[in-house]
Amino acid sequence: MSGWSELLPEIIHMISLRIDNPFDLIHFRSVCSWWRSCSIQMFRPIPSLRCPLPPDADGCGDDCHILRSRVYLVTSLSHDPPRFWLFKLHEEENGALALQSLLNRRTSHRGVSYPSLLIDLLNSQVIELVQEHVACYKEFMVLVQEHVGFMRLDGENKEFMALGRLSFQGLGMYRSFEDRWTEIEITSGPFPDGIASFNGQFYVIDTAGVTKVIKPTLELNSFRRSRPCNKTRKRWFVKAEDKLLLVEMCTRNLEEYRRPHLLAEKGWFEVSELNEERNDWIQMEDIGGRVLFLDDHFSLSCLPNQIPGFKPNSIIFKGVLGYYGHQVFEFGEQGFILLGDIPEYSQLFPSPSWIVSNV
């Protein structure tokens, strides 16, 4: 074989079947006319992964499935300087794709549904930044959606493991090769504040600050960090390149956390890096110039050169408790800033004018 253009047609077709997002398929088909003629013509929706919960007396949970969303960065290269847009594509239970606002799970903005869109991929770059996984099931006839840790075991996304609280008293792990959930902790404990998979293991941190490490073999270990955490009110895990970060929102007392105006004025964030050898969280002075995005169901780390306009060492997050706007924290500054008060930030979230609707 003298070049990639001479790959056997059955190999090209098999590869195209394994591509699990529409943008990569378009890029794949654009390599050359031979690849385009041998690959599938349109992206095939992938139905959600099934993981039935043990049925209770009312049969609740037997419809449990995992939905995936992906966050993308679009860079328009036809503008000088280039323009950027962050958005999320949510996979429905039947595999259909729905456009969502980045920092929440809505498919509309201010009462208006997001349209389907046309993106000029010849003059744009689309990069997948992160995936989120949410378990959906019904409990007492109410649809419940909970963030889960997710680990893929094969290239086709057929074999996987998921970890979450869901309807269990403690934690439960689903392993697809067993086709069942296994309860890991029999006794109930504080509700998990964050769940993530990292380096082949699951990490869970609860509201008491205890970190649990769960291996695929179901072996469980736990540790408390050496530094006190009595000022922490809310926690997130963030994967940043080869690091796992613990991000904590802090206030001096609970009163400041429970009152949105005091939280915005006096709150701050602390970030620590996981030290696997010492089983500890080591506090960082800043976040190494990164920009972090925090949400109930996903977290994201970017370098400033990926999204010019964002200030290094800043955190963009969805407001907590009684405040539902988006806010910004900058290391070295006091309190939080409304995202809408920073024009160069806010224009990255709603659909920009240079994205064309096809409806």
Side-chain angles (χ1 to χ4, degrees), residues 14-22 24-25 40 43-56 58-71 88-98 105 128-139 143-186 191-192 194-205 212-222 237 239 244 296-299:
M14 181 178 63
I15 294 173
S16 70
L17 289 172
R18 289 172 175 259
I19 297 175
D20 65 351
N21 76 78
D24 284 351
L25 179 61
I40 58 175
F43 177 70
R44 301 187 308 167
I46 302 173
S48 61
L49 299 171
R50 316 303 298 186
C51 51
L53 289 166
D56 59 17
D58 299 319
C60 295
D62 57 352
D63 60 344
C64 186
H65 55 279
I66 293 177
L67 298 181
R68 176 175 59 178
S69 296
R70 306 167 190 246
V71 175
K88 189 193 311 183
L89 278 185
H90 171 68
E91 297 175 2
E92 305 285 0
E93 185 176 357
N94 61 1
L97 300 176
R105 303 189 63 78
E128 180 181 317
L129 298 177
V130 73
Q131 296 185 13
E132 67 173 32
H133 294 86
V134 177
C136 301
Y137 61 97
K138 287 184 179 179
E139 192 170 57
L143 181 63
V144 179
Q145 297 187 5
E146 291 189 21
H147 171 67
V148 294
F150 184 85
M151 196 181 299
R152 184 163 58 179
L153 302 178
D154 67 347
E156 298 184 10
N157 208 31
K158 293 181 180 179
E159 298 295 337
F160 66 96
M161 293 187 294
L163 179 78
R165 174 92 183 246
L166 283 67
S167 61
F168 301 103
Q169 291 296 314
L171 292 168
M173 181 185 290
Y174 181 85
R175 300 191 292 186
S176 60
F177 53 86
E178 293 181 328
D179 194 23
R180 66 183 179 90
W181 288 87
T182 301
E183 192 161 6
I184 297 174
E185 294 181 272
I186 303 302
F191 198 81
I195 299 178
S197 60
F198 180 71
N199 284 351
Q201 300 182 123
F202 289 104
Y203 287 82
V204 179
I205 190 165
K212 300 179 178 65
V213 186
I214 301 98
K215 297 183 178 181
T217 57
L218 305 179
E219 179 184 342
L220 170 67
N221 296 293
S222 63
F237 282 141
K239 296 179 187 177
L244 182 63
D296 293 336
H297 297 294
F298 85 97
S299 59

Exercise. So do L171 and L220 actually touch side chain to side chain, heavy atoms under 4.5 Å?
Worked result: no
Exercise. Would a 4.5 Å heavy-atom cut-off, applied to side chains only, mark R165 and H147 as touching?
Worked result: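 They are not in contact (no side-chain heavy atoms under 4.5 Å apart), so the answer is no.
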Minimum heavy-atom distance between [X] and [Y], given as atom pair plus value:
X    : Y    : result
L67  : E91  : CD2-O, 3.5 Å
P216 : R175 : O-NH1, 2.7 Å
Q145 : C136 : CG-SG, 3.7 Å
V148 : A135 : CG1-CB, 3.7 Å
V204 : I214 : CG2-CD1, 3.9 Å
H90  : S69  : ND1-OG, 2.9 Å

When rounded to the nearest 0.5 angstrom, what distance separates [atom1] in [X] from [atom2] in [Y]?
X    : Y    : atom1 : atom2 : value
K212 : I195 : NZ    : CD1   : 10.0 Å
K215 : M173 : NZ    : CE    : 11.5 Å
E219 : Q201 : CD    : CD    : 8.5 Å
L89  : N21  : CG    : CG    : 8.5 Å
L97  : K88  : CG    : NZ    : 13.5 Å
S222 : I205 : OG    : CD1   : 11.5 Å

For this session: Can you label the angle between the Y203 ring and the F237 ring as parallel, tilted or perpendicular, going by 30° and 60°?
Result: perpendicular
Exercise. Does the pair R68 and D20 meet the rule for a side-chain contact (heavy atoms from CB on, under 4.5 Å), with working shown?
Worked result: CA-CA 11 Å; R68 176 175 59 178; D20 65 351; 3.4 Å; yes
Problem set entry | Main-chain N/O of L166 paired to E146 side chain as donor or acceptor, under 3.5 Å |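 Indeed, once roles are kept as given, a pair shorter than 3.5 Å links the two residues.
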Exercise. Is a side-chain N or O of K239 found less than 3.5 angstrom from the main chain of S197, in a donor-acceptor match?
Worked result: yes
Exercise. Y174 and ring-ring contact (aromatic ring centres under 6.0 Å, His included): which partner among W181, Y137, F150?
Worked result: W181
For this session: Report yes or no: do S176 and E159 form a side-chain donor-acceptor pair below 3.5 Å?
Result: yes
